[in-house]
Amino acid sequence: MDKTYQPEQIESRWYERWEADNRFAPSGEGMPYAIMIPPPNVTGSLHMGHAFQDTIMDTLIRWRRMQGHNTLWQVGTDHAGIATQMLVERKIAAEEGKTRFDLGREAFIDRVWEWKQESGGHITRQLRRMGASVDWSRERFTMDDGFYRAVQEVFVRLFEEDLIYRGKRLVNWDPTLHTAISDLEVENRDQQGHFWHFRYPLADGVTTDAGKEYLVVATTRPETLLGDTGVAVNPEDPRYASLVGKFVELPLVGRRIPVVADEHADMEKGSGCVKITPAHDFNDYEVGRRQDLPLINVFTQDAAILARAEAFDIQGRPLPDIDPTLPEAYAGLDRFEARQRIVADMEAAGLLEQVETVSNTLPYGDRSGDVIEPLLTDQWFVAVESLARPAIEAVETGEIQFVPKNYENMYFAWMRDLQDWCISRQLWWGHRIPAWYDNDGNVYVARSEAEAREKHDLPAEVALTQDEDVLDTWFSSGLWTFGTLGWPEQTPELATFHPSSVLVTGFDIIFFWVARMIMLTGKFMGEVPFKQVYVHGLVRDGQGQKMSKSKGNVLDPIDLIDGIDLETLVQKRTGSLMQPQKAQAIEKATRSEFPEGIEPHGTDALRFTFLSQATTGRDIKFDMGRLEGYRNFCNKLWNASRYVLMNAEGEDTGLGSEPVELSLADRWIVSRLQQTESQVTKALEEFRFDHASQALYDFVWNEYCDWYLELSKPVLWDEAASAEAKRGTRRTLVRVLEAILRLAHPMMPFITEEIWQRVAPLAGTRQGEGDSLMVQPWPQADDSRLDESATRDIEWLKGVIVAVRNIRAEMNIAPGKPLEVLLTKGSAEDARRLAANRPFLAKLAKLERVEWLDDPAQAPLSATQLVGEMEVLVPMADLIDKEAELARLAKEIDKQDKLIGGIEKKLGNESFVAKAPAAVVEKERGKLADFEASRRLLVEQRDKIAAL
RNA sequence: AGGACCAUAGCUCAGUUGGUUAGAGCGCCACGUUGACAUCGUGGAGGUCGGCGGUUCAAAUCCGCCUGGUCCUACCA
């Protein structure tokens, strides 16, 4: 083995080997355990969130695989409608100066497929780099033929059950992308805005109770005035009671619109009167429905003002009786321009009463960045009510469990207030809606045009055109758990692996995806899509900032693995920015944060870092320091293995029938191993990856390396040690390491496999050349191997060694200087332990001589430390700096006094003694005795030195 | 406005059902190259557990209020 750990070499090699050996496919034996990967965007690239998520899934899958489960990690990618279409549109625009309309639908879609072929392998390659043990043979893409069949089937069946309908509804419209988007794709941003108070003259000579000839309404959106179809007042409002049923004359337009009573109007706010624009505001739409007001749309699809408005009733039927004329002056104006003109015209007409500056929030499309417009359009919807009920129940009954549990509340809150789901998108890239229209506008929903004709008996002369729209991406991803397993066919995989075991996902897509999967899967499979949902937080940068290209704080997981030099990193972060003016600041920050670029750390270290930071339900501030620390941990494991191999390869490791003797240390480390195995297993069961990684780290570094390897040296290197003892220690070294590798493998697959290949033959666990750590049994703790007496003995030994080290440090004695040590005031047990551990003590504490002193009175002047009741003495003679030592002792005594004081106070409290459990009281008494003993020793020592 | 979550060492975080001398890693200080490892070893400094109040014999832990932060939902006519 090389002297230093070099991850890049071993990682790609092992992944290829595993894949070639078909290690990732289900074994076909054991209990099924399945995870469906949240499908990343096919043309996307791996970001920190993916890397984190993939690490968790892979750890679970590898762990369960080793436990003997029949594991399937289903892999695949998503076509990601809007995102991908926009990307290709931009690319074509940049390269050829053409729009998708120049190309036409078919040619454009061909181009998207081309782009998918070109770039679609990127993210899957990166997934491999992360070590993801997904079953590549089953890779799916949401636009595959098979998956499309599932999508069509679901659409058609839902339609046939009246759970899908088409209608003219108010939807979130993106004026840039020209498509409807869901509520969830809308991002609310705080803004400084204006609040205009307008006078709406009352018609027919009516006046208010206060004698005014107008009502005052306030709005942040004056341009929608053109579409007003009413003014609402609160039914309880005495000021306007007499006006309900009367009319106002809509300024600039001249339309007569009624004053209606509706609870939407808040008496406390403004004048108490609200203008109602049902076609351009979601609340007003509801008021319109309640009050039977017409809907008047005044916007084009670009959100510019129409020349002639479009009037509909609440069912979306045209209302020819309403005069659609709009003032010519505004026709074709963009909404924001129209706003200014309308405000100016109102002011000129003396109808502007007041302008307030207010802060409000505006809806933005999270893809386009444009202000979203509520717009009346024809769309397809899923009626969710009947689907939501069982979906809520599945979580209520615990059939699906969220981890951590508090996300269930978030889920319930959303599910109980669910609006019908708009599933049509005015895009080209996606699953085209399986609906056909004849020339009369009749709609036929079927799996194909042929089926539509057959079902509805339509002769060939009847021309049918397919709906232009495609489905919301989340409609298809909602079928992910069963669609990937071959549904609607009843495949063996579907029978075996559905429901899947656990979904690993970010809280940000609980609504987009998780909820919809539960609903659609419940409907079509009659069961839940997964039994548990592990919800993790967002990966943020070291300062807690969201990573984003525009902030220039993005870390690429691959760069953390392979390293990147500063110049390349700067270029990566500042290249092709939307706001190039930020480049300088980003460059500066990057140069100061990574003056040397980023070192390579390897996949295993990155994975271990993610796991160690995977704490429950909170965001992760990615810590470069920990990444380095865990890279060092890999190195530690590497070097410990080198030591073991150096001492075991070519030697007798106790596999044969020769007698074997286990030392105290051997028994101790085996005992501690059992505990570690329990801890790691328990932590994984609870999704506490931080605990699992911590337990492993502790055991490997602080016990196996720091103590056990050191304790093995006296046995292996001492000529006097017996062959049986050497065999026992070698065997323990090798077997414990082999168990460590199995325990660590799900978290750090590469380094463990590499080492295991060398170590396993010595432990007798490798079957042959082709064997892999991936399929070794998961370590199971054997409680019969817990050894408390060995543990106590080793703790004693560690205590004495640490005591001597302490004395060295305090007395400024060179670490290498051989010392003489006396032990005194101990029990027979202490004496026995000394006898049993003499060589270990000598080696680890660098002692020349260690003697038992029966009579404490004969102790020479010494530096002392306490181990239990026993004193550890290092005779100091004239080496002591009197003043310094007295000061140190005084400080120590003071510390003990405080501890003693605290406990005495406690024990002096009658209620404590009376009410606290006896065990607690006993424990306090024991502590008191300890502290007092320490104090006595310190005082004795002080007096001795003071007397010098 | 309502709700959720968070606040522990300079930094990133652990701390199961209340009883610990409050922990880890990184960073910091001192010392150290003998053959696993300087990507290391040994020792150390550093915290009134955000603030106030309450429950309790006992609170980092339970309850209330406050402050600060993150996020979600709603509103913003």
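Since this is a predicted model, take the numbers as computed values, not measurements. Below, each value reflects all heavy atoms present in this structure, side chains not excepted, and no hydrogens, waters or symmetry copies. Naming: A, B, ... by sequence-line order, numbering from 1 per chain.
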Is any side-chain heavy atom of A/Phe511 less than 4.5 Å from a side-chain heavy atom of A/Trp414?
yes

Is the phosphate of B/G44, meaning OP1 or OP2, less than 4.0 Å from a side-chain N or O of A/Asn806?
yes

When rounded to the nearest Å, what value does the distance between P atoms of B/U39 and B/U61 take?
42 Å

Need one value for A/Glu628: base, sugar-phosphate or nothing, where a base atom within 4.0 Å counts as base even if backbone is also close, heavy atoms only.
nothing

Give A/Tyr697 one of three labels, base, sugar-phosphate or nothing, depending on what nucleic acid heavy atoms sit under 4.0 Å from its own.
sugar-phosphate

At under 4.0 Å, does any side-chain N or O of A/Arg642 touch on OP1 or OP2 of B/C40?
no

So A/Asn409, base contact, sugar-phosphate only, or nothing? Heavy-atom distance under 4.0 Å.
nothing

Measuring only the P atom in each nucleotide, how far is B/A59 from B/G51? A whole number of Å is fine.
15 Å

With no hydrogens and no angle check, do the side chains of A/Gln291 and A/Asp262 hold a donor and an acceptor under 3.5 Å apart?
yes

For RNA chain B, please output the secondary structure as dot-bracket, reading 5' to 3'. Pairs are Watson-Crick or G-U wobble, both atom distances under 3.5 Å; mark crossing pairs with [ ], other-strand partners with |, unpaired with a dot.
(((((((..((((.....[...)))).(((((.......))))).....(((((..]....))))))))))))....

Of the listed nucleotides B/C37, B/U42, B/C13, the one nearest the side chain of A/Asp706
B/U42

Would you classify A/Val920 as touching base, sugar-phosphate or nothing, given that sugar-phosphate means primed atoms plus P, OP1 and OP2, and contacts are heavy atoms under 4.0 Å?
base

Using atom CZ of A/Phe507 as one end and atom P of B/C5 as the other, report the distance to the nearest whole Å.
14 Å

Categorize A/Lys3 for me: base, sugar-phosphate, or nothing, with a 4.0 angstrom heavy-atom threshold over every strand shown.
sugar-phosphate

Touch check for A/Arg805, heavy atoms < 4.0 angstrom, all strands: base, sugar-phosphate only, or nothing?
sugar-phosphate

Which whole-number value in Å describes the distance from A/Lys905 NZ to B/C57 P?
15 Å

Pairwise C1' distance for B/U55 and B/G41, with rounding to whole Å:
49 Å

Could you tell me whether A/His691 and A/Phe689 have their ring centroids closer than 6.0 angstrom?
no

Name the nucleic acid region contacted by A/Lys546, choosing base, sugar-phosphate or nothing; use a 4.0 angstrom heavy-atom cut-off, strictly under.
nothing

Span that lies between the C1' atom of B/C13 and that of B/C31, in whole angstrom
29 Å

Think A/His691 has a side-chain N or O under 4.0 angstrom from the OP1 or OP2 of B/G15?
yes

Checking all strands, does A/Leu645 fall into the base, sugar-phosphate, or nothing category for heavy-atom contacts under 4.0 angstrom?
nothing

Side-chain atoms of A/His264 come closest, of B/U39, B/G35, B/C76, to B/C76

What integer distance in Å separates A/Leu733:CG from B/A36:P?
12 Å

From the options B/U39, B/G15, B/G19, select the nucleotide whose nearest atom is closest to the side chain of A/Pro917.
B/G19

Nearest of B/G25, B/U34, B/C57 to any side-chain atom of A/Phe912?
B/C57

Between A/Tyr5 and A/Asn639: side-chain donor-acceptor atoms closer than 3.5 Å
no

Would you say A/Glu286 and A/His264 are linked by a side-chain donor-acceptor pair, where the criterion is simply a distance under 3.5 Å?
no

Side-chain N or O of A/Asn812 closer than 4.0 Å to phosphate OP1/OP2 of B/G43:
no

Can you tell me, in whole Å, how much space there is between the P of B/C49 and that of B/A9?
10 Å

Between A/Lys906 and B/C57, is there a side-chain N or O to OP1/OP2 distance below 4.0 Å?
no

Is A/Arg221 salt-bridged to A/Glu223, cutoff N-O under 4.0 Å?
yes

I want to check one thing: is the phosphate of B/A36, taken as OP1 and OP2, less than 4.0 Å away from some side-chain N or O of A/Asn647?
no

A/Val802 side chain: which of B/U39, B/G43, B/A36 is closest?
B/G43

Which nucleotide sits closest to the side chain of A/Asp623: B/G25, B/C40, B/U16?
B/G25

Base, sugar-phosphate or nothing for A/Trp701? Non-hydrogen atoms, less than 4.0 Å.
sugar-phosphate

B/G32 to B/C71 separation - P atoms, rounded to the nearest Å
50 Å

Quickly work out the A/Tyr411 OH to B/C71 P distance and round it to whole Å.
25 Å

Using the salt bridge (charged side-chain N to carboxylate O under 4.0 Å, His left out) criterion, which residues pair with A/Asp698? Sequence neighbours excluded.
none

Answer with base, sugar-phosphate or nothing: what part of the nucleic acid does A/Thr220 contact at a heavy-atom distance below 4.0 Å?
sugar-phosphate

Distance test, side-chain N/O of A/Lys621 to OP1/OP2 of B/C11, below 4.0 Å
no

By nearest nucleotide on RNA chain B, pick out whichever of A/Gly272 and A/Cys705 is the more 5' one.
A/Cys705

Indicate, with a heavy-atom threshold strictly under 4.0 Å, whether A/Asn283 touches base, sugar-phosphate, or nothing.
sugar-phosphate

When only distance counts, do a donor and an acceptor, one from the side chain of A/Glu710 and one from the base of B/A36, lie under 3.5 Å apart?
yes

Any side-chain heavy atom of A/Lys682 within less than 4.5 Å of one from A/Arg688?
no

Distance, P atom - from B/A1 to B/C75, rounded to whole angstrom
16 Å

Applying a 4.0 Å non-hydrogen cut-off, can you work out what A/Lys405 is touching in the nucleic acid: base, sugar-phosphate, or nothing?
nothing

Hydrogens and angles aside, do A/Asp690 and A/Ser612 bring a side-chain donor and acceptor to less than 3.5 Å of each other?
no

Separation of B/G15 P from A/Asp690 CG (nearest whole Å):
7 Å

Across the strands shown, which category fits A/Met646 at heavy-atom distances under 4.0 angstrom: base, sugar-phosphate, nothing?
sugar-phosphate

Would you kindly give the CG-to-P distance between A/Asp417 and B/G3, to the nearest whole Å?
16 Å

What interatomic distance, in whole Å, is found between P of B/U17 and the corresponding atom of B/C62?
8 Å

Tell me which nucleotide among B/U70, B/U16, B/G43 gets nearest to the side chain of A/Arg540.
B/U70

Would you indicate whether the side-chain heavy atoms of A/Ile342 and A/Met346 approach each other to under 4.5 Å?
yes

Both A/Lys891 and A/Pro815 contact RNA chain B. Which one's nearest nucleotide lies toward the 5' end?
A/Pro815

Which is true for A/Cys634 with a 4.0 Å heavy-atom rule: it touches a base, it touches only sugar-phosphate, or it touches nothing?
nothing

Please determine, for the side chain of A/Lys713, which listed nucleotide (B/C76, B/A36, B/C57) has the closest atom?
B/A36

Closest to the A/Trp717 side chain: B/U20, B/C57, B/A36?
B/A36

Rounded off to whole Å, could you give me the CZ-to-P distance for the A/Phe52 and B/C13 pair?
12 Å

Parallel, tilted or perpendicular: which fits the ring planes of A/Tyr407 and A/Phe507, with parallel below 30° and perpendicular above 60°?
parallel

Could you check whether A/Thr505 and A/Tyr534, counting side-chain N and O atoms only, form a donor-acceptor pair closer than 3.5 Å?
no

